[in-house]
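Remember, it's a predicted structure, so these values are computed and weren't measured experimentally. Below, each value reflects all heavy atoms present in this structure, side chains not excepted, and no hydrogens, waters or symmetry copies. Atoms within each ligand, like the ligands themselves, are counted from 1 in listed order.
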Amino acid sequence: MTQAFPDAFLWGASTAAHQVEGNNLNNDWWRLEHDAADFGVQFSGDALDSYHRYEEDMRLLSDAGFNSYRFSIEWARIEPSPGKFSRAELAHYRRMIDTAKGLGLTPVVTLHHFTHPIWFDKDRWLADDAVDAFCRYVEQACTILDGVEWVCTINEPNVVAVNHGMQRQIAAGEPFRAEGGYLPDPEVGRALIAAHQAAVKIVRSKTDAKVGWTVANQALVAAPGAEDKHAEVQHIWEDMYLEAARGDDFIGVQSYTSQIVDENGIIAHPEHPDNTLMGWAYRPDALGIAVRHTRDVLGDMPILITENGIATSDDERRIAYTADALRHLKDTINDGADVRGYLHWSLLDNFEWGRWEPTFGLVSVDRETFERHPKPSLQWLGSIARANAI
Ligand code: BGC
């Protein structure tokens with residue numbers, strides 16, 4: 001049975017500057033890629049050269065039938081030294097916005113997607129002037145946002161708080177826990193919340209955009225008897241970030257998989273042949289769980305799915321995963337969730353934060369020639385976008 005999505009639904013794909021642009025020499029990830037190369041961390045290098053090829057990338061989306069593109073602007077390029085802004089880089093991102101609009105793509109612009117200028121890196125979000133520094137950047141970013149309808153302040157603040165917290169623990173002499181299991185650091189989380197709330201005010205005062213942030217939703221499920229631990233972990237992982245979004249214009253939901261919480265905490269994904277190239281459980285139903293939980297916390301706030309996808313080398317599996325995720329999403333809409341759009345992660349097989357193997361893209365890229373090769377999933381999802389129905 002055909003199931004239509006709401007009118008004016010956004011259908012698109014997402015990327016992030018550092019994962020696609022190339023040569024982001026002035027941010028903390030570039031430095032980490034060099035410093036940690038001996039530990040197997042790979043190098044972003046030229047990435048996909050989208051810094052120069054963004055028009056080609058966007059054209060692939062619009063030709064396939066999509067009507068939206070989410071991308072981020074790079075703080076380290078725009079503010080290469082504290083208080084010194086690059087007019088040329090601001091103009092570059094304005095050209096990206098204009099190009100998207102010219103191609104019929106509604107731009108969804110993220111102001112901060114994981115990377116920080118090197119000069120900000122020392123104490124990062126825990127520095128006394130961190131929020132002021134971020135606000136100074138946001139004010140400048142607003143000068144290019146005229147006519148942009150959707151602005152995300154900080155991407156996955158809870159994951160930023162995981163990474164920052166992990167670095168704090170290592171710096172304090174705790175051994176690195178290779179098996180993972182790090183939780184977001186609540187102190188960092190509170191600083192990010194302050195930065196977000198200040199940024200929302202600035203974006204509202206300087207633009208007409210809808211403004212919100214995007215939270216990594218873990219679709220956590222309690223093992224029998226572990227309801228209290230589940231509530232505790234859920235608060236630290238996502239609810240404090242969701243609650244901080246109350247009063248925003250929308251909330252971005254990002255979902256890939258689901259995890260079980262027992263009395264000791266989150267259970268790592270057990271080895272399984274169905275696991276994705278990230279080692280995550282294959283759980284297309286996670287998107288429905290994530291939307292329902294977001295709604296439980298925030299009520300009827302507009303929701304944008306700002307990321308959902310799968311790391312796989314098998315494009316048929318990508319289609320199967322996404323088809324199922326969209327069915328779960330539609331169920332939430334049928335139940336009253338105010339979902340405004342679905343932005344797939346990702347448009348391109350991009351730099352997965354220290355690794356190139358986990359491929360999330362609707363399009364693969366030859367990293368020698370930068371030639372783009374659309375996969376069948378691009379046309380498949382584009383035809384859903386054209387029909388606005390599954
Ligand atoms: C991030 C992306 C990342 C994706 C897959 C999200 O955590 O926003 O940058 O590539 O998930 O891991």
Is E232 salt-bridged to K229, cutoff N-O under 4.0 Å?
-> yes
Pairing of D28 and R31 as salt bridge, 4.0 angstrom limit = no
Any side-chain heavy-atom pair of Q3 and N334 under 4.5 Å | yes
Measure from the ring center of W30 to the ring center of H18 and say whether it is less than 6.0 Å.
-> no
Side-chain donor-acceptor contact under 3.5 Å, S86 with R77 | no
With ring centroids as reference points, do W125 and H112 lie under 6.0 angstrom apart?
-> yes
Under 4.0 Å from ligand 1 - residues by heavy atom, chain and number = Q19, H113, F114, N155, E156, Q254, Y256, M278, W280, E307, W345, E352, W353, F360
